[in-house]
Protein chains: 2
Amino acid sequence: MKGIRQLAEHLDISIGTVSRALNGKPDVNEETRKRVLAAAEQLGYVANQSGRSLRQGTTNVIGLMIQSSRETVENSDNFFLTVTGGLQSVFSRHKLDLIMLPCPHDEDPYEYLKRMVARRIVDALIISETQRVDKRFDLLAKAKIPFAALGRSLSGTQHPWADLDFDGVANAAVDRLVAHGHRRIAVSAPSSDINLGFIFVDGYRRALERHGIDYDPALVIRAKSSEQGGYQVADELLRLENGPTAVILIYELMAIGFYRRVMEAGIIPGRDIAVVSFREAPRAKFLQPALTCFRTSVHDLGVELAEILLSSMPAYSHEYPRKARQTVWPLELIPGESDAFQLTVKK
Amino acid sequence: MKGIRQLAEHLDISIGTVSRALNGKPDVNEETRKRVLAAAEQLGYVANQSGRSLRQGTTNVIGLMIQSSRETVENSDNFFLTVTGGLQSVFSRHKLDLIMLPCPHDEDPYEYLKRMVARRIVDALIISETQRVDKRFDLLAKAKIPFAALGRSLSGTQHPWADLDFDGVANAAVDRLVAHGHRRIAVSAPSSDINLGFIFVDGYRRALERHGIDYDPALVIRAKSSEQGGYQVADELLRLENGPTAVILIYELMAIGFYRRVMEAGIIPGRDIAVVSFREAPRAKFLQPALTCFRTSVHDLGVELAEILLSSMPAYSHEYPRKARQTVWPLELIPGESDAFQLTVKK
DNA sequence: CTGAAAGCGCTTACAG
DNA sequence: CTGAAAGCGCTTACAG
């Protein structure tokens with residue numbers, strides 16, 4: 001089946017009527033509509049997207065831009081696929097298709113996005129891995145294309161986003177560790193400029209302040225969010241003269257490497273050092289002692305993000321009335337054994 | 001900047017000339033071309049994709065369909081993002097963009113693909129997670145859209161694909177284990193109908209046969225390709241009266257759960273039971289004893305798949321002349337400690 | 001080297 | 001309720 005013209009000829013009616021029947025317009029004879037639908041189904045006709053888009057000025061496609069940067073490739077561990085599931089569950093209600101736009105390693109994300117926007121292959125965009133300062137917000141705002149970000153940014157103050165509550169995680173972790181008697185609490189931060197790292201460390205600093213604990217930059221270790229990164233964090237902390245009694249890791253995979261390195265030094269997590277990690281993951285369940293971590297539904301975060309986006313699109317906003325278009329997504333602390341001891345004053 | 005018309009008016013030349021200049025056609029005055037290019041850059045003009053596609057009948061977009069099935073979401077662990085990197089490195093040479101088409105959980109993959117094909121939003125398609133019998137091959141062949149599959153299938157006998165060498169892995173693993181004295185060798189198989197499972201088990205059976213070892217169906221354990229799956233495999237094998245002395249796992253994450261379960265029973269991998277696993281992964285590096293596994297470059301597999309696809313597209317085939325459009329991608333065995341012992345006859 | 005015009009496949013006012 | 005026609009933004013023979 002080539003196009004609507006062939007289908008119309010086959011049915012011996014005009015293409016206008018075929019189009020109206022297919023698109024569920026009310027002013028079509030029910031008998032005619034049935035014939036058209038049946039013939040389309042039988043001949044496998046589906047409207048050419050370019051033709052539709054050109055005429056309607058809309059593609060019915062939403063793009064999710066992802067950067068498969070080296071670090072992400074090793075670590076996003078299906079975070080994006082899970083978010084995607086949540087997004088789709090909302091978009092499918094409106095017959096909107098989600099496509100993922102992976103920015104190549106060797107292309108500048110800003111230029112890539114510019115190109116995608118200009119080509120008009122999507123009606124709206126979701127960007128991820130927001131940087132502390134992220135020019136993409138201005139680009140999208142200027143292009144007047146609806147968008148939302150997975151992750152807040154200093155550049156996104158007025159724009160829609162949803163983000164995991166890294167600040168809350170840092171606070172809850174510090175509170176818990178302080179309650180267990182810790183004062184020397186280390187933290188890992190990502191090695192990139194991704195904004196979540198700044199938020200995480202800021203939250204950590206303010207939490208320390210609340211407890212009257214001095215901030216010590218030596219206890220903030222930048223490392224990759226991977227097993228190797230965790231190994232490196234432990235290694236660096238072991239070198240400190242006045243090391244920490246507790247550590248908060250920003251990514252659960254790091255715990256695997258962290259455990260390994262401290263154990264090599266005869267230090268047992270949950271006994272000699274407290275470990276708390278963001279975020280719960282199946283693989284971390286196998287760690288011994290069980291990791292204290294934070295749980296959330298990434299799928300539901302996708303749902304939230306989709307609704308935020310639709311609420312900013314004129315065609316759908318009436319179905320998603322909401323005041324706030326910025327959501328800090330909560331996480332729940334899951335106590336494990338990795339920090340289940342009370343620190344007694346040793347030195 | 002709205003469209004080519006505005007750009008042409010701005011330059012006071014015809015849209016035809018603008019188009020020709022932008023598309024690098026030879027019959028354009030160099031002076032004119034420069035002016036056009038400069039104005040386009042300055043005003044941020046990029047051709048509307050729908051307009052181009054409709055006229056040219058080509059989108060310059062390649063789609064990679066992925067199924068974020070529950071099992072995949074937990075396990076694909078960036079396999080796809082890495083393949084994507086390889087694909088893009090080839091496609092970018094031809095100004096082809098790759099988009100990922102994630103089939104929603106609640107939609108039938110066949111229907112989803114049908115819809116994507118009919119809408120003509122991509123020039124060619126790559127499908128993944130090929131099933132043993134996979135109707136999508138026929139659909140794509142009938143639709144006359146160029147395609148290639150990541151993973152072979154019984155349905156794909158004449159069609160282009162690239163696939164990891166599961167058969168070779170099974171053979172190499174069995175050979176090695178037999179050389180170490182093992183005769184009771186268990187294997188894990190995926191719980192889904194994904195074709196790689198069948199190929200893996202077939203290779204295992206034929207390898208056993210070569211060594212004159214009877215095939216025992218009790219030693220083939222179906223389980224999810226996850227930590228939990230590995231735990232379950234170990235658990236089931238421990239219940240056997242005449243258990244195995246070695247096991248080959250189809251996914252490295254399983255080793256984490258497998259180790260844990262056998263260790264709970266006081267059985268030490270690499271001493272009491274031999275473990276070989278497919279595939280090398282950063283996180284498996286932290287297992288003790290080190291896992292014997294198989295290494296390959298998934299990025300290069302993506303490159304290969306991209307070239308296979310382009311060789312079947314008329315517009316690019318001359319640049320990728322090749323006889324074979326089906327590639328079995330090799331893996332290299334990386335010896336670890338998890339099977340580094342010689343079995344002495346115990347019973 | 002450039003312009004005018006046709007037409008890709010659709011949807012949608014507009015008549016009737 | 002249906003048909004004829006315009007036009008979305010492009011590219012590309014075709015004249016000149």
Side-chain angles (χ1 to χ4, degrees), chain A residues 1-37 39-40 43-61 95 115 117-123 143 145 315, chain B residues 1-37 39-40 43-61 95 115 117-123 143 145 315:
Chain A
M1 174 51 48
K2 271 278 301 294
I4 196 171
R5 185 128 262 136
Q6 282 69 27
L7 182 57
E9 273 172 21
H10 172 83
L11 289 161
D12 203 28
I13 54 178
S14 76
I15 60 167
T17 301
V18 171
S19 174
R20 281 189 293 266
L22 252 25
N23 288 297
K25 302 287 173 182
D27 54 350
V28 176
N29 182 296
E30 264 318 306
E31 201 55 45
T32 312
R33 188 193 305 280
K34 272 185 198 151
R35 279 184 60 219
V36 173
L37 257 33
L43 300 173
Y45 171 80
V46 176
N48 176 304
Q49 189 57 40
S50 297
R52 292 197 85 178
S53 300
L54 194 54
R55 172 62 224 236
Q56 299 197 122
T58 168
T59 62
N60 296 313
V61 176
K95 304 220 172 197
R115 199 155 56 86
V117 166
R119 291 173 61 178
R120 296 274 152 194
I121 58 174
V122 294
D123 290 345
I145 185 170
Chain B
M1 175 49 49
K2 273 278 300 294
I4 198 171
R5 185 129 264 137
Q6 283 67 28
L7 182 57
E9 274 172 20
H10 173 84
L11 288 162
D12 203 28
I13 55 177
S14 76
I15 60 166
T17 301
V18 171
S19 174
R20 281 188 293 265
L22 253 24
N23 289 296
K25 302 287 172 182
D27 54 352
V28 176
N29 182 296
E30 264 317 307
E31 202 55 44
T32 311
R33 188 192 306 280
K34 271 183 198 154
R35 280 183 61 219
V36 173
L37 256 34
L43 300 173
Y45 171 79
V46 175
N48 175 303
Q49 189 58 40
S50 297
R52 293 196 84 177
S53 300
L54 194 54
R55 173 61 224 236
Q56 298 196 122
T58 168
T59 62
N60 296 312
V61 176
K95 305 221 171 196
R115 198 155 57 84
V117 166
R119 290 173 63 179
R120 297 274 152 192
I121 59 173
V122 294
D123 289 345
I145 185 169

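Naming: A, B, ... by sequence-line order, numbering from 1 per chain.
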Mind listing the N/O atom pairs, protein and nucleotides 13-16 of chain D, below 3.5 Å?
residue, atom, partner, partner atom, Å
dA13(D), N6, R20(B), NH1, 3.1

Quiz prompt | Candidate nucleotides dG3(D), dC10(D), dT2(D), ranked by approach to the side chain of I15(B) - the nearest | solution = dC10(D)

Quiz prompt | Euclidean distance, atom NZ of residue K25(B) to atom P of dC10(D) [Å, nearest integer] | solution = 15 Å

Quiz item: Can you name the residues that form a side chain to side chain contact (heavy atoms under 4.5 Å, CB included) with A40(B), not counting sequence neighbours?
Solution: L7(B), L22(B), Y45(B)

Quiz item: Who pairs with R55(A) by salt bridge (charged side-chain N to carboxylate O under 4.0 Å, His left out), at least two apart in sequence or on another chain?
Solution: none

Self-check item: Pairs satisfying salt bridge (Lys or Arg N to Asp or Glu O under 4.0 Å), at least one member in residues 7-31 of chain A, at least two apart
Solution: E30(A)-R33(A)

Practice problem: Quick one: the dot-bracket string of DNA chain C, using Watson-Crick and G-U wobble pairs with both distances under 3.5 Å, [ ] for crossing pairs and | for bases paired to another strand. | Solution: |||.||||||||.|||

Quiz item: Think Y45(B) has a side-chain N or O under 4.0 angstrom from the OP1 or OP2 of dG9(D)?
Solution: no

Exercise. Counting heavy atoms from C-beta on, name the nucleotide in dG9(D), dC10(C), dT2(D) closest to the side chain of L54(A).
Key: dG9(D)

Quiz item: Just how far, in rounded Å, is P of dG9(D) from CD of Q49(B)?
Solution: 15 Å

Quiz item: Once you round it to whole Å, what is the distance between P of dA4(C) and CD of E9(B)?
Solution: 12 Å

Practice problem: Nearest whole angstrom, please: distance from the P of dG9(C) to the CG of L7(A). | Solution: 14 Å

Quiz item: If you measure from CG on L43(A) to CG on L11(A), what distance do you get to the nearest 0.5 Å?
Solution: 8.0 Å

Practice problem: Could I get the full list of salt bridge (charged side-chain N to carboxylate O under 4.0 Å, His left out) partners for R115(B), not counting sequence neighbours? | Solution: D97(A), E107(B)

Quiz item: With side chains defined as the heavy atoms from C-beta onward, is the minimum distance between I13(B) and V36(B) less than 4.5 Å?
Solution: yes

Exercise. Output the distance between atom OG1 (T32(B)) and atom CG (L37(B)), rounded to the nearest 0.5 Å.
Key: 11.5 Å

Exercise. Applying side chain to side chain contact (heavy atoms under 4.5 Å, CB included), name anything that partners T59(B), two or more places apart in sequence or on another chain.
Key: Q49(B), S53(B), V61(B), D123(B)

Quiz item: How would you label the contact of S53(A) with the nucleic acid (heavy atoms, under 4.0 Å): base, sugar-phosphate, or nothing?
Solution: nothing

Practice problem: Measure from CZ on R5(A) to P on dT11(C) and round the result to the nearest Å. | Solution: 12 Å

Self-check item: Side chain of S19(B) (C-beta onward), nearest among dT11(D), dT2(D), dC10(C)
Solution: dT11(D)

Quiz item: Separation of R52(B) atom CZ from dC8(D) atom P, in whole Å?
Solution: 19 Å

Quiz item: Considering only dT11(D), dG3(D), dT11(C), which nucleotide approaches the side chain of T17(A) most closely?
Solution: dG3(D)

Quiz item: Closer to the 5' end of DNA chain C via nearest nucleotide, is it Q56(B) or E30(B)?
Solution: E30(B)

Quiz item: Within this structure, what is the CG-to-P distance between N23(B) and dC10(D), rounded to whole angstrom?
Solution: 11 Å

Exercise. Give the rounded distance in Å between these two atoms: CG of L22(B) and C1' of dT11(D).
Key: 12 Å

Quiz prompt | Minimum heavy-atom distance between I15(B) and A8(B), given as atom pair plus value | solution = CG2-CB, 3.6 Å

Practice problem: Please name all residues satisfying side-chain hydrogen bond (donor to acceptor under 3.5 Å, both in side chains) with N23(B), sequence neighbours left out, ordered by chain then number. | Solution: S19(B), R52(B)

